[in-house]
Chemist: 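Dumping the structure here so I can ask a few things about it.
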Amino acid sequence: MKDERLNRLAHLLINYSVRLKKGEKVMIEVKNQGDTCFLKYLMAEALKVGGIPIPLITDDRAVRSLISGASIPQMKEFGKVQLSLMKQMDAYIGVRGTRNAFQTAKLGSDQLKNYSLNFMQPVHMKWRVPKTKWVVLRWPDDAMAQLAEMPTEEFEDYYFNT
């Protein structure tokens with residue numbers, strides 16, 4: 001069943017936020033989403049305008065595992081591959097949920113520094129932000145509803161109606 005709210009939001013993100021044009025590549029990163037339903041709406045809208053959607057599904061639990069175990073050379077190689085992919089994009093849409101706001105808690109400062117210097121800085125801060133059309137939005141999920149002290153369905157209605 002189609003949800004018109006998701007259809008409208010996908011249309012706004014593709015046509016207004018990143019102004020995707022025919023032939024442009026857009027990375028659509030969906031993070032911490034058990035249900036990737038909205039990804040389908042974004043991909044359909046990107047295809048409708050003649051764009052090329054490149055889906056990427058990530059999860060903070062997997063990222064935590066990477067951060068906690070990767071050596072500096074391993075993280076540099078991870079960053080190098082991700083940067084190569086990002087350099088091919090014209091646009092980026094991040095749809096970010098939150099399963100656990102404290103997922104990276106208790107990681108060592110050296111581990112977090114390794115991740116920041118070898119992935120976040122080169123890929124996102126030095127390339128994506130200044131050199132692509134991009135938008136990032138927080139997705140209304142159980143964790144967000146919990147922080148708002150609301151039932152999830154009620155919070156979703158609030159999110160889309162505000």
Side-chain angles (χ1 to χ4, degrees), residues 3-21 23-49 51-67 75 78-105 107 112-148 150 152 155-162:
D3 184 332
E4 192 51 39
R5 300 176 307 182
L6 301 183
N7 201 40
R8 266 192 326 270
L9 182 56
H11 179 82
L12 286 171
L13 293 174
I14 294 293
N15 294 283
Y16 176 74
S17 296
V18 299
R19 289 175 166 55
L20 194 68
K21 304 289 185 231
E24 289 185 327
K25 293 180 283 299
V26 57
M27 177 184 288
I28 304 170
E29 181 181 20
V30 177
K31 191 173 188 178
N32 297 320
Q33 300 285 312
D35 179 6
T36 56
C37 175
F38 187 52
L39 175 60
K40 293 184 280 187
Y41 285 84
L42 286 167
M43 290 179 58
E45 191 65 33
L47 292 168
K48 189 189 303 183
V49 301
I52 304 160
I54 309 296
L56 178 64
I57 300 170
T58 60
D59 185 282
D60 279 345
R61 291 173 294 188
V63 172
R64 184 187 191 344
S65 180
L66 175 71
I67 294 170
M75 190 63 75
F78 174 72
K80 185 173 144 186
V81 169
Q82 291 292 322
L83 179 59
S84 174
L85 181 60
M86 189 65 73
K87 283 183 173 182
Q88 297 177 58
M89 299 301 120
D90 300 293
Y92 171 90
I93 297 173
V95 181
R96 299 185 179 163
T98 305
R99 288 194 175 147
N100 179 350
F102 299 97
Q103 197 63 262
T104 57
L107 286 173
L112 292 169
K113 182 178 177 183
N114 184 20
Y115 179 70
S116 178
L117 288 176
N118 295 303
F119 170 68
M120 288 302 294
Q121 290 295 321
V123 176
H124 291 281
M125 304 315 289
K126 291 182 180 172
W127 190 269
R128 175 182 60 87
V129 171
K131 298 182 182 185
T132 67
K133 302 180 289 183
W134 62 273
V135 64
V136 174
L137 79 139
R138 292 285 314 273
W139 191 251
D141 57 19
D142 293 334
M144 232 173 146
Q146 186 177 26
L147 290 171
M150 297 170 77
T152 303
F155 182 76
E156 288 171 351
D157 288 340
Y158 172 78
Y159 178 91
F160 284 105
N161 293 328
T162 303

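One is the number of the first residue; the rest follow in order along the sequence.
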Chemist: Is it true that a side-chain atom of E24 and a backbone atom of K21 form a donor plus acceptor pair closer than 3.5 Å?
Modeler: yes
Chemist: Do N114 and N118 have side-chain N/O donor and acceptor atoms under 3.5 Å apart?
Modeler: yes
Chemist: Would you mind telling me which of E29, K31, Q33 makes a side-chain hydrogen bond (donor to acceptor under 3.5 Å, both in side chains) with T58?
Modeler: E29
Chemist: Does the separation of the ring centres of Y41 and H11 fall below 6.0 angstrom?
Modeler: no
Chemist: Given the rule in the salt bridge (Lys or Arg N to Asp or Glu O under 4.0 Å) test, do D59 and R99 qualify, once you have shown the distances and angles that lead to the verdict?
Modeler: CA-CA 9 Å; D59 185 282; R99 288 194 175 147; 2.4 Å; yes
Chemist: Rounded to the nearest 0.5 Å, what's the gap from CG on L47 to CG on L20? Could you check?
Modeler: 9.5 Å
Chemist: Check whether any side-chain N or O of N32 sits under 3.5 Å from a backbone N or O of T98 as a donor-acceptor pair, and report yes or no.
Modeler: no
Chemist: Quick one, L39 and V95 - any side-chain contact, counting heavy atoms below 4.5 Å?
Modeler: no
Chemist: Given the rule in the salt bridge (Lys or Arg N to Asp or Glu O under 4.0 Å) test, do D90 and R19 qualify, once you have shown the distances and angles that lead to the verdict?
Modeler: CA-CA 10 Å; D90 300 293; R19 289 175 166 55; over 6 Å; no
Chemist: Anything under 30° is parallel, anything over 60° is perpendicular, the rest tilted; go ahead and classify F38 against W139.
Modeler: parallel
Chemist: Donor-acceptor check, side chain of W134 to backbone of V129, threshold 3.5 angstrom: yes or no?
Modeler: yes
Chemist: What distance separates M89 CE from K131 NZ, expressed to the nearest 0.5 Å?
Modeler: 15.5 Å
Chemist: If you measure from OH on Y159 to OG1 on T152, what distance do you get to the nearest 0.5 Å?
Modeler: 14.0 Å
Chemist: Hey, does Q88 have a side-chain heavy atom less than 4.5 Å from the side chain of M27?
Modeler: no
Chemist: For the residue pair D60 and T104, establish whether any side-chain heavy-atom pair is separated by less than 4.5 Å.
Modeler: no
Chemist: Has T132 got a side-chain atom pairing as donor or acceptor with R128's backbone, closer than 3.5 angstrom?
Modeler: yes
Chemist: Heavy-atom count check: over 12 atoms from other residues, nucleotides or ligands less than 6.0 Å from Q121 CD?
Modeler: yes
Chemist: What do you reckon, is OH of Y158 surrounded by more than 12 foreign heavy atoms closer than 6.0 Å?
Modeler: no
Chemist: Indicate yes or no: at least one non-hydrogen side-chain atom of F155 is less than 4.5 angstrom from one of D142.
Modeler: no
Chemist: Mind running side-chain contact (heavy atoms from CB on, under 4.5 Å) on L137 and L9 for me, showing each step along the way?
Modeler: CA-CA 11 Å; L137 79 139; L9 182 56; 4.1 Å; yes
